[in-house]
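Encoded as structure tokens, the structure appears first; notes follow it.
Below, all heavy atoms of this structure are taken into account, side chains as well, without hydrogens, waters or symmetry copies. Everything numeric in this text was worked out from a predicted model, so none of it was measured. We name chains A, B, ... by the order of the sequence lines, and we start the count at 1 in each one.
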2 protein chains.
Amino acid sequence: MDSKTKNRPQTPPPDGGRPTLKTIAFMTGLGITTVSRALKDAPDIGAETKERVRLVAKQIGYQPNRAGVRLRTGKTNVISLVLTLEEEIMGITSPMVVGITEILAGTPYHLVVTPYSAVKDALAPIRYILDTGAADGVIISRTEPHDPRVALLTERGLPFVTHGRTEMGIVHPYHDFDNERFAYEAVRKLVAHGRRRLVLLEPPPHLTFYSHMRAGFERGLRDFQADAVSFHQTNIDHSLVEIRDAFEVLMRSEDAPDGIVSGSGSGAIALIAGLEMAKKKLTEDCDMVSKVPSDFLRWLRPEVMTMYEDIRVAGRELAKAVIGHIDGAPAETLQSLSQPEFQPPIIRGLRA
Amino acid sequence: MDSKTKNRPQTPPPDGGRPTLKTIAFMTGLGITTVSRALKDAPDIGAETKERVRLVAKQIGYQPNRAGVRLRTGKTNVISLVLTLEEEIMGITSPMVVGITEILAGTPYHLVVTPYSAVKDALAPIRYILDTGAADGVIISRTEPHDPRVALLTERGLPFVTHGRTEMGIVHPYHDFDNERFAYEAVRKLVAHGRRRLVLLEPPPHLTFYSHMRAGFERGLRDFQADAVSFHQTNIDHSLVEIRDAFEVLMRSEDAPDGIVSGSGSGAIALIAGLEMAKKKLTEDCDMVSKVPSDFLRWLRPEVMTMYEDIRVAGRELAKAVIGHIDGAPAETLQSLSQPEFQPPIIRGLRA
DNA sequence: CATCGCAACTGTATCGTTACAGATTTGAAG
DNA sequence: CTTCAAATCTGTAACGATACAGTTGCGATG
């Protein structure tokens, strides 16, 4: 066979299978390499040729074989969302996944969900991804001030973004909710309602946003002259029953607070239950501000003042940031903080 | 070079990279083919050789390159979860994803989330997966009696499982919640509470479980001698505001029901709001049974009687079923129905 | 009319794996 | 001492894509 045309498929590729570069090469009479480079808009391919190739590719619905690309180039076109199985409790995964996929829909990226179970295993999925080259970028949450995952990913140069910030002197992409301001504004609001003895249902101390929320809470106490009621033994990672029971005890004590800042929506539910078990009533004995990821609380307990953390938007921001990181944008430009705002109450009139 | 050893790597594969069959071949002095077959436990490889290969493979942490396998064999080791972006509202995705990944964790499968937006596009992601060979198996939900996705997947022979049943004479794997029985038991319970004028907040009519739930409801009405109050213009896919407003009108009318069966947890929230806007009270003017995917309602409105649909378990069942289908198990053995049960009320005493 | 540079295109090798068709060795049967 | 079969191992080609190092043709330059 003439070596000049060895790269040109002589037989029409078997029909029924999906089109490959070979198919296009056969149809256009070009070499496979040329077709490949034409589709990449390489500078050494003629303008008219590119046009022809693009047209044929579109006509037959050519889509590059992911395995081929991945094997040759190492590019996986995968973004990995790393989740704790326990994260489910907060019901946060749904809108997050939706937000991420909204952004990925316009790209060649697929979203792979990579779970891990115990907290001590948090590094395991990261190692897996690094070792097997399973993804081009990673999204992690439940960020800690000194997060070994961030250290490892940075060291190995795999693009990532965190949901939450770190404090380790590494500049990396992140998206976060401004929990400092949330707690600060919550205190302001409660004081405006005449509340002075405030309690905070806080995040677990090892997560970064613990200190943010505490800082905002304490700054609020100082600025608006209120007092803290201690509730440190309990945090939003505890079970609803634990939170409820601990809070009932507190509400029955001498030390009972008259204002509550809840760092989580489900925590708020447990606090309300504890409060009611102690025969106290919202708005009468106590006011409450809660961060919420959904509308449930507002509908069922409109007397709770809520600040909405839009997880879907967070998912979008995170997705944009990883992709930006993959594309080489500087990390400083891939950081965002979403500002809390109080939600208007649900309108209880007809045709709202 | 001696052709006898052409397949044996002569140079130690560059360190730092991840191990491949070549690495093991070099270390054991065997051919690449032999190593491949040894790891697959092929019958034509000696027992001792297999042992040696396995040992080395384990020692160096060999994991087959997914792109290589996929390119050569077409096996993707991917399960695709096909979701509506709108599904988020029900907050059902989180526990579903968790359940699925729990099962996949023990397998080589990864979970890829493939979304679609409009209802009319429901076929688009399926076509994409079929055309690009993106997955070995598919999980779909929001099943319809005559579901074109099921038809297409069956025709093209791609293993799948549905969350919900179909009525098209095709035997395929599914997992479903017994909505017929749910509604039936709900009616029984309401009648036992002295309620006789019952309303059903039903699923949208095009989904299969609409007729299941209606059938159970109507069978209950007959068996327990209660009457239906019409509320057909509204269903669980409508917005909370729409449901609330429509229900307020109903509750203010002559025709007001005294018992409610709610086909969804978030729908129940809207119904409660509508009821309260009509100045009616739960347990006094009206009782309610709702299907719920989480604990929120039980905590905040313990007076609602609930049947828990465990989505996490559903995720597990679905994952097991697709894998079973991929492995060639007969579809009849991959069908399961989860039975509803009333939940005990939240215990409102200390140390529950 | 060589020679050179440039534009446009192409072949080969390779990524890691597996299907397939041998190849070699060993021991037993004839 | 052949012959054969079984047991064990191996090389080659291919999956689809791309990096790299050419090759070809052609007009401009000296």
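- Ring-centre distance between B:H172 and B:F160: below the 6.0 Å cut-off.
- Distance CD1 (A:I24) to P (D:dG16): 13 Å, rounded to an integer number of Å.
- Contacts of B:L104 classified as side chain to side chain contact (heavy atoms under 4.5 Å, CB included), with partners at least two apart in sequence or in another chain: B:I79, B:I100, B:T107, B:Y109, B:L111, B:A319, B:I323.
- Ring-plane geometry between A:H110 and B:Y128 is classed as perpendicular, the angle between the planes exceeding 60 degrees on a 0 to 90 degree scale with a lower cut at 30.
- Between B:R37 atom CZ and C:dA19 atom P there is a gap of 8 Å when expressed in whole angstrom units.
- For B:S36 and C:dT18, the shortest distance from a side-chain N or O to OP1 or OP2 is below 4.0 Å.
- Side-chain atoms of B:T114 and B:S80 form a donor-acceptor pair, as typed in the model, at a separation below 3.5 Å.
- For the OP1/OP2 pair of C:dT10 and a distance below 4.0 Å, the side-chain nitrogens and oxygens of A:T34 include at least one atom meeting the criterion.
- Taken residue by residue, residues 42-68 of chain B places heavy atoms nearer than 4.0 Å to DNA chain D at B:D44, B:I45, B:G46, B:T49.
- Side-chain atoms of A:D310 come within 3.5 Å of backbone atoms of A:R312 as a donor-acceptor pair (strictly under, hydrogens ignored).
- The one candidate from B:L83, B:I92, B:I311, B:L81 that meets the side-chain contact (heavy atoms from CB on, under 4.5 Å) condition with B:V97 is B:L81.
- Atom P of nucleotide C:dG16 and atom CZ of B:F26 are separated by 16 Å, given to the nearest angstrom.
- Place B:R72 and B:V35 on DNA chain D by their nearest nucleotides, and B:V35 ends up nearer the 5' end.
- Atom CZ of B:R18 is separated from atom P of C:dT17 by 7 Å (rounded to the nearest Å).
- Between B:L71 atom CG and D:dT18 atom P there is a gap of 12 Å when expressed in whole angstrom units.
- An OP1 or OP2 oxygen of D:dG16 is reached within less than 4.0 angstrom by no side-chain nitrogen or oxygen of A:K22.
- If you take CG of A:L39 and P of D:dG16, they are 16 Å apart, rounded to a whole angstrom.
- Contacts of B:T33 with the nucleic acid, taken as non-hydrogen atoms under 4.0 Å apart, include base atoms.
- Atom CG in A:L30 sits roughly 15 Å away from atom P in D:dA17 (whole-Å rounding).
- The nearest whole Å value for the distance from the NZ atom in B:K40 to the P atom in D:dC9 is 17 Å.
- Under the 3.5 Å distance criterion, with hydrogens and angles disregarded, no donor-acceptor pair is assigned to the side chains of B:T166 and B:T143.
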